[in-house]
Amino acid sequence: MKKQFAVIGLGRFGGSVARALCEMGYEVLVVDKNEQRIQDFSNIATHAVVADTTDEEALNALGIRNFDIVVVAIGEDIQSSILTTLILKELDVQTVVVKARNALHGKVLYKIGADKVVYPERDMGIRVVHSLISPNILDIIELADDYSIVEIHAGEFFSGKTLKDLDIRAKFGCNVMAIKSGDRINIAPLASDRINEGDILVVIGHNDDLQRLEEKA
Ligand code: ADP
């Protein structure tokens with residue numbers, strides 16, 4: 001059976017999460033205290049309900065504990081975000097994903113039981129900065145505070161060279177995990193594998209080392 005989602009707060013982030021889930025064919029309940037926002041989603045979401053989610057009774061009445069994943073996308077009003085998260089965990093919702101405005105907000109959310117905290121503005125900012133440092137950076141996934149996986153578009157620096165020639169592990173302390181060439185992906189690259197211009201390298205490493213590599217790329 002497909003997972004059931006609820007999205008609380010239909011601002012820019014929550015609205016975009018709800019739209020994407022609906023487009024992927026999931027059943028989505030959307031909740032907002034603002035009637036106009038709920039009107040805007042009445043034809044998009046499976047169920048759209050006006051409610052203040054800091055009211056435990058109101059949340060309970062929605063049968064919120066039956067949803068597999070609840071996304072709390074209340075950004076501005078930190079108090080409402082925290083109260084809503086607390087109530088959801090007290091009602092035994094399995095997975096609660098919450099958008100945080102800043103690190104302190106995120107810390108509080110984890111302390112009260114949030115299963116995952118996301119920082120969409122911060123993460124997008126980081127992505128944009130990487131693409132500005134090197135237009136060849138296609139994507140970045142943060143693994144831990146100091147470690148990431150990046151997708152690098154192979155330009156002149158890499159072109160025509162083997163992994164042995166490039167010696168990325170010794171020179172930059174990073175590991176090439178995979179090489180994508182068009183539709184093909186090589187997930188166990190060998191030292192003798194040659195990189196062609198236009199290939200995409202998937203590289204894992206410490207952020208400082210990745211930055212040195214990005215500046216070359
Ligand atoms: P973004 O920064 O992603 O645009 P906002 O903080 O502007 O997010 O939007 C949050 C949404 O959450 C708004 O539509 C607001 O009406 C809704 N919201 C805020 N507090 C509550 C609450 N207590 N119960 C339900 N919805 C809420």
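Since the model is a prediction, treat every value here as computed from it, not as a measurement. Counting starts at 1 for both ligands and their atoms, following the listed order.
Using a distance-only test at 3.5 Å, with no hydrogens or angles considered, a donor-acceptor pair links the side chain of S134 to the main chain of N136. With hydrogens and angles disregarded, no donor-acceptor distance shorter than 3.5 Å links the side chain of S159 to the backbone of G155. Of the possible polar contacts, one joining the S42 side chain to the Q39 backbone as a donor-acceptor pair under 3.5 Å is found.
Residue-ligand proximity, T54 to ligand 1, at heavy-atom distances under 4.0 Å covers atoms 23 (N). Against a heavy-atom cut-off of under 4.0 Å, A51 is close to the following atoms of ligand 1: 24 (N), 25 (C). Proximity to N34 (heavy-atom distance under 4.0 Å) selects the following atoms of ligand 1: 16 (O). Near F13, with a cut-off below 4.0 Å to any heavy atom, the atoms of ligand 1 are 3 (O).
In this comparison of K99, R101, R37, the heavy atom closest to atom 14 (O) of ligand 1 sits on R37. The heavy atom nearest to atom 11 (C) of ligand 1, considering only D52, L59, D32, D77, is found in D32.
Considering both main-chain and side-chain atoms, G9 never comes within under 3.5 Å of ligand 1 through any nitrogen or oxygen pair. Considering both main-chain and side-chain atoms, E121 never comes within under 3.5 Å of ligand 1 through any nitrogen or oxygen pair. For ligand 1, none of its N or O atoms has an N or O atom of I74 under 3.5 Å away.
We find the CG-CZ distance between D199 and R184 to be 8.0 Å, quoted to the nearest 0.5 Å.
A salt bridge links E121 to K99: one of the charged nitrogens lies within less than 4.0 Å of a carboxylate oxygen.
At the top of the distance list for atom 2 (O) of ligand 1, counting protein heavy atoms only, stands R12 NH2, 2.9 Å. Protein heavy atom nearest atom 5 (P) of ligand 1, with residue, atom name and distance: G75 N, 4.1 Å. Of the protein's heavy atoms, A73 O, 3.7 Å lies nearest to atom 10 (C) of ligand 1. For atom 27 (C) of ligand 1, the nearest protein heavy atom (residue, atom name, distance) is K33 CG, 3.7 Å. Of all protein heavy atoms, the one closest to atom 6 (O) of ligand 1 is E76 N, 2.8 Å. The nearest heavy-atom contact from the protein to atom 9 (O) of ligand 1 is G11 CA, 3.6 Å.
A cation-pi arrangement is absent between K3 and Y26, since the terminal nitrogen or guanidinium carbon is not both under 6.0 Å from the aromatic centre and inside a 45° cone about the axis. In this structure, K161 is positioned above the aromatic face of F157, its NZ or CZ under 6.0 Å from the six-membered ring centre and within 45° of the axis.
Residue contacts with ligand 1, taken as heavy atom pairs separated by less than 4.0 Å, involve L10 solely via the backbone atoms N, CA, C and O.
By the side chain to side chain contact (heavy atoms under 4.5 Å, CB included) test, I87 is found to be paired with E56, L59, L91, residues two or more places apart in sequence or in another chain being considered.
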side-chain hydrogen bond (donor to acceptor under 3.5 Å, both in side chains) between Q36 and D40, intermediate numbers included: CA-CA 6 Å; Q36 184 56 49; D40 295 344; 3.0 Å; yes
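Inter-residue side-chain proximity for R194 and D165 is flagged as met; some heavy-atom pair is nearer than 4.5 Å.
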